[in-house]
Amino acid sequence: MQKVITNIKELQEFADKFLIKLFGHAHGNHACVIALSGDLGAGKTAFTKEVAKLLDITETVTSPTFVIEKIYEIPKKNKFAKHFDHLIHIDAYRLESEHELEVLGFRDFLTNPRNLILIEWPEQVPKLISTHAIMITIGHLGETTRHFTIEFPK
């Protein structure tokens with residue numbers, strides 16, 4: 001699945017369609033992991049912010065570069081709450097090994113199928129990214145235009 005995004009409204013619509021499609025994708029008895037790859041400034045955090053808005057998360061969502069992870073509770077009234085309880089936003093950019101993420105409880109997060117995990121810079125922790133992860137690659141096509149490629153696992 002590919003999409004060119006040229007403005008925030010298109011990003012919002014894309015994120016909404018992605019979440020709806022996500023529910024048709026079985027993730028079994030483990031968390032749903034979305035691996036976000038792309039250069040600095042490509043739009044990984046912007047995409048995560050739009051997902052958070054759609055989940056009715058009212059906290060300010062910023063890249064957790066220095067804290068590594070942020071956990072947001074999805075309000076029960078949200079239309080997607082029948083699938084997920086928590087949005088877990090991880091930024092692995094500064095990590096030097098998988099162990100650094102493991103000590104923060106990453107493996108425990110993975111065992112809960114009610115967790116939606118969006119992880120930026122998954123290439124920093126490749127051994128922790130499951131073959132069940134949905135891969136999103138974001139590329140620059142200009143100052144404000146981005147190209148999104150989504151790969152669902154087979």
Side-chain angles (χ1 to χ4, degrees), residues 1 3 5 8 11-12 14-139 146 148-154:
M1 180 175 161
K3 178 73 174 166
I5 305 291
I8 195 71
L11 182 59
Q12 291 166 343
F14 177 72
D16 187 49
K17 288 178 184 172
F18 173 75
L19 277 179
I20 292 167
K21 184 173 177 67
L22 184 63
F23 302 127
H25 173 75
H27 56 272
N29 60 352
H30 49 81
C32 182
V33 178
I34 314 300
L36 299 164
S37 293
D39 293 334
L40 284 170
K44 299 177 294 292
T45 301
F47 178 76
T48 301
K49 286 180 180 186
E50 293 308 319
V51 167
K53 284 180 194 174
L54 291 165
L55 296 173
D56 293 327
I57 293 169
T58 57
E59 295 174 64
T60 300
V61 175
T62 59
S63 181
T65 302
F66 296 102
V67 295
I68 310 301
E69 69 187 25
K70 292 278 293 187
I71 301 171
Y72 304 96
E73 189 168 336
I74 299 168
K76 300 290 182 223
K77 65 178 175 63
N78 182 271
K79 67 181 179 181
F80 299 113
K82 63 184 172 185
H83 301 285
F84 298 112
D85 294 327
H86 297 98
L87 169 64
I88 301 171
H89 183 198
I90 297 171
D91 186 333
Y93 182 73
R94 296 184 325 115
L95 300 182
E96 294 181 17
S97 74
E98 283 86 0
H99 178 72
E100 292 176 90
L101 192 53
E102 288 177 316
V103 298
L104 295 174
F106 186 70
R107 290 201 189 269
D108 290 334
F109 295 152
L110 290 175
T111 63
N112 185 345
R114 305 275 307 157
N115 286 337
L116 174 59
I117 302 171
L118 278 78
I119 181 167
E120 299 184 32
W121 302 98
E123 52 277 0
Q124 295 295 102
V125 290
K127 293 177 187 168
L128 294 179
I129 303 303
S130 162
T131 56
H132 301 288
I134 297 165
M135 306 299 290
I136 298 180
T137 304
I138 308 168
R146 302 295 185 263
F148 282 70
T149 303
I150 300 178
E151 297 176 47
F152 285 90
K154 308 264 186 262

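Values below: every heavy atom of this structure, side chains too, minus hydrogens, waters and symmetry copies.
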Output, in order, the C-alpha distance, side-chain angles, deciding distance and verdict of side-chain contact (heavy atoms from CB on, under 4.5 Å) for Phe106 and Ile117. CA-CA 10 Å; Phe106 186 70; Ile117 302 171; 4.2 Å; yes
As a quick check of understanding, evaluate side-chain contact (heavy atoms from CB on, under 4.5 Å) for Ile129 and Glu123, giving each step before the final call. CA-CA 9 Å; Ile129 303 303; Glu123 52 277 0; over 6 Å; no
Could you walk me through whether Val125 and Ile119 pass the side-chain contact (heavy atoms from CB on, under 4.5 Å) test, one step at a time? CA-CA 10 Å; Val125 290; Ile119 181 167; 3.9 Å; yes
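Nearest heavy-atom pair, Arg114 versus Lys82, reported as atom, atom and distance to 0.1 Å: NH1-O, 2.8 Å. Considering all non-hydrogen atoms of both residues, Leu110 and Leu128 come closest at CD1-O, 4.3 Å. The nearest pair of heavy atoms linking Gly38 to Trp121 is O-CH2, 3.4 Å. Asp16 approaches Phe80 most closely through the heavy-atom pair OD1-CZ, 4.1 Å. Across all their heavy atoms, Pro153 and His132 have their closest contact at CG-O, 3.2 Å. The two residues Pro122 and Leu36 make their nearest non-hydrogen contact at CD-O, 3.1 Å.
By the 6.0 Å contact criterion, OH on Tyr93 is open, its count of non-hydrogen atoms from other residues, nucleotides or ligands being 12 or less. Around CD of Glu96, the count of heavy atoms belonging to other residues, nucleotides or ligands within 6.0 Å does not exceed 12.
For the atom pair Ile71 CD1 and Ile88 CD1, the distance stands at 5.0 Å (nearest 0.5 Å). To the nearest 0.5 Å, atoms CG (Asp108) and CD (Glu102) are separated by 10.5 Å. Separation of atoms OG1 (Thr58) and NZ (Lys53) is listed at 12.5 Å; rounding is to 0.5 Å. Separating the CD1 atom in Ile57 from the OH atom in Tyr72 is a distance of 7.5 Å, to the nearest 0.5 Å. Between the CG atom in Leu118 and the NZ atom in Lys70 there is a gap of 15.0 Å [rounded to 0.5 Å].
Two residues are said to be in side-chain contact when any heavy atoms from C-beta on lie closer than 4.5 Å; Leu19 and Leu55 meet this criterion. When side chains are defined from C-beta on, Phe148 counts as touching Leu11, because their heavy atoms get closer than 4.5 Å. The side-chain heavy atoms of Gln124 and Arg94, taken from C-beta on, include no pair separated by under 4.5 Å. When side chains are defined from C-beta on, Leu22 counts as touching Ile34, because their heavy atoms get closer than 4.5 Å.
Proximity of a side-chain donor or acceptor of Glu98 to a complementary backbone N or O of Lys127 within less than 3.5 Å is detected. A donor-acceptor pair under 3.5 Å is absent between the side-chain atoms of Asn115 and the main chain of Ala31, judged by distance alone.
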If you look only at distance, which donor and acceptor atoms sit under 3.5 Å apart when one is on a side chain in residues 61-69 and the other is two or more places apart or in another chain?
from	atom 1	to	atom 2	distance (Å)
Ser63	OG	Thr65	OG1	3.0
Ser63	OG	Asp91	OD2	2.7
Thr65	OG1	Asp91	OD2	2.9

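Just one residue in the list Ile150, Thr149, Ile134 forms a side-chain contact (heavy atoms from CB on, under 4.5 Å) with Met1, and that residue is Ile150.
Residues passing the side chain to side chain contact (heavy atoms under 4.5 Å, CB included) test with Asp56 are Pro75, Lys77, Asn78, sequence neighbours excluded.
For Phe18 and Phe47, the gap between ring centers is short of 6.0 Å.
Annotation: cation-pi geometry satisfied between Lys21 and Phe152 (NZ/CZ under 6.0 angstrom from ring centroid, within 45° of ring axis).
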